[in-house]
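Inspection log for the structure reproduced underneath, given as structure tokens.
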Amino acid sequence: MRSPKDFFAPLALGAPAPLREIPFRPSRMIHFFDPSNERMRAKVPDIAPTVDVLLGNLEDAVSAGSKDAARAGLIEVGKAWERGHTQLWTRVNSLDSPWFLDDVWALCHEIGDKLDVIMVPKVEGPEDIHYVDRLLAQLEARVGIEQPLLVHAILETARGVANVESICLASPRMQGLSLGPADLAADRRMKTTRVGGGHPGYLVRTDPAPDGDAGDDARTAFQQDLWHYTLARMVDACGTAGILPYYGPFGDIADPIGCEDQFRNAYLLGCVGAWSLHPSQIAIAKRVFSPEPAEVAWAQRVVTEMGDGTGAVMIDGKMQDDATVKQCRVVLQLARDLSAADPELAAAYGLETA
Ligand code: GLV
Ligand code: MG
């Protein structure tokens with residue numbers, strides 16, 4: 001048993017006090033790069049200003065033989081990093097791997113004051129977060145890191161999905177969750193070999209004609225979203241904990257339309273961003289996770305016409321009341337938060353930047 005009062009006490013003597021609110025910082029795209037690759041490291045100064053989050057990936061997609069080089073490469077990038085609008089994140093190896101402890105130890109010692117968020121893969125339950133929470137507090141205290149490191153969990157096992165609420169609520173360090181559709185598909189024994197996105201076999205079909213004459217060709221089939229259930233659970237769990245949900249990777253780089261559709265479904269459901277695995281996905285995420293100027297203008301109109309936000313009015317034949325004004329405030333707040341770092345977007349929305 002633990003007193004709620006202790007929840008915000010540091011878990012190690014000398015560690016910084018945990019944050020009480022997770023700050024909303026634009027993170028429409030979490031752009032992955034492999035720090036073991038010298039060519040990719042050389043591109044960091046050009047790519048960093050074009051993304052909200054740059055993530056040095058140490059886990060899957062980095063071969064076992066390159067793990068040390070990836071860690072060292074990220075440290076090199078972190079040492080040259082100047083904190084600004086773009087955040088620097090990492091995805092460390094999983095808790096059961098031979099690399100996790102060295103990853104966290106080295107990163108905290110070398111660039112613990114530059115990293116914003118540590119993404120932890122294959123989180124299965126709150127006990128995983130408790131372990132990471134205490135370890136980070138010990139390292140923060142040991143190294144003298146002043147700003148608490150935040151933790152982002154990837155939801156990519158069946159047990160993780162079953163425990164999603166308690167994962168989100170396990171620590172004040174929890175910043176958000178991403179869906180990991182590839183590992184999750186494998187763990188659940190789903191029969192898709194794709195990294196996220198739809199599947200042409202996952203359908204519902206209209207009924208046969210009563211007389212059977214029209215044949216099966218007349219029956220329309222609609223493809224369904226394989227990830228809807230998990231994303232919706234994630235969004236509710238994150239909302240309950242006051243943290244941020246993200247769609248994860250879309251692996252078919254050659255299918256920008258499919259990628260945009262998947263990202264947009266996640267945006268409409270409540271996610272704030274997605275991963276970009278290739279530079280071509282940066283613009284897609286930026287477009288999808290920034291509200292449309294017409295939507296922002298509409299939201300502004302509703303908020304203005306609703307005055308103190310109570311009662312009901314009709315605007316262009318559509319009923320507005322206390323609830324719709326709240327929906328519009330969500331869109332407006334997002335537009336303001338994104339505009340603060342993006343004068344072009346601020347101009348498109350007609351909003352003043354500070
Ligand atoms: C991402 O890590 C995934 O497994 O999809
Ligand atoms: Mg994975």
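In listed order, ligands and their atoms are each counted from 1.
A salt bridge links Asp183 and Lys122; the closest N-O separation between the charged side-chain nitrogens and carboxylate oxygens is under 4.0 Å.
Checking only distances, Val195 never comes within under 3.5 Å of ligand 1, N or O to N or O. Considering backbone and side-chain atoms together, Glu59 places no N or O closer than 3.5 Å to any N or O of ligand 1. By the 3.5 Å distance cut-off applied to N or O atoms, Asp183 is counted among the residues near ligand 1.
Listed by number with element, the atoms of ligand 1 under 4.0 angstrom from any heavy atom of Ala182 are 3 (C), 4 (O), 5 (O). Every atom of ligand 1 is numbered from 1 in the order shown, and the set under 4.0 Å from a heavy atom of Trp275 is 1 (C), 2 (O). Shown in contact with Pro181 at under 4.0 Å from a heavy atom are these atoms of ligand 1, numbered in order with element: 3 (C), 5 (O). For ligand 1, the atoms closer than 4.0 angstrom to any heavy atom of Glu156 are 1 (C), 2 (O), 3 (C), 4 (O).
No continuous path of ILVMFWY side-chain contacts below 4.5 Å connects Ile75 to Val62, so the two sit in separate hydrophobic clusters. Grouping the Ile, Leu, Val, Met, Phe, Trp and Tyr side chains by contacts below 4.5 angstrom, directly or via other members, places Ile243 apart from Phe8.
Of the heavy atoms in Met119, none comes closer than 4.0 Å to ligand 1. Counting heavy atoms closer than 4.0 Å to ligand 1, residue Pro249 contributes side-chain atoms (C-beta onward) but none from N, CA, C or O.
At least one N, O or S atom of Asp183 sits under 2.8 Å from the Mg ion (ligand 2).
Taking the six-membered ring where the residue is Trp, Phe289 and Phe263 present tilted rings, their angle falling between 30° and 60°.
For the atom pair CG of Asp133 and CE of Met174, the computed distance is 10.0 Å after rounding to the nearest 0.5 Å. Atom OG1 of Thr230 and atom CG of Leu177 lie 11.5 Å apart (nearest 0.5 Å).
Using a 4.0 Å cutoff on heavy atoms, Pro121 does not count as a contact of ligand 1.
For Glu156, the N/O/S atom at the shortest distance from the Mg ion (ligand 2) is named OE1.
Side-chain N/O atoms of Ser171 and His130 include no donor and acceptor closer than 3.5 Å.
Enclosure of atom CG in Leu268 by more than 12 non-hydrogen atoms of other residues, nucleotides or ligands within 6.0 angstrom is indicated.
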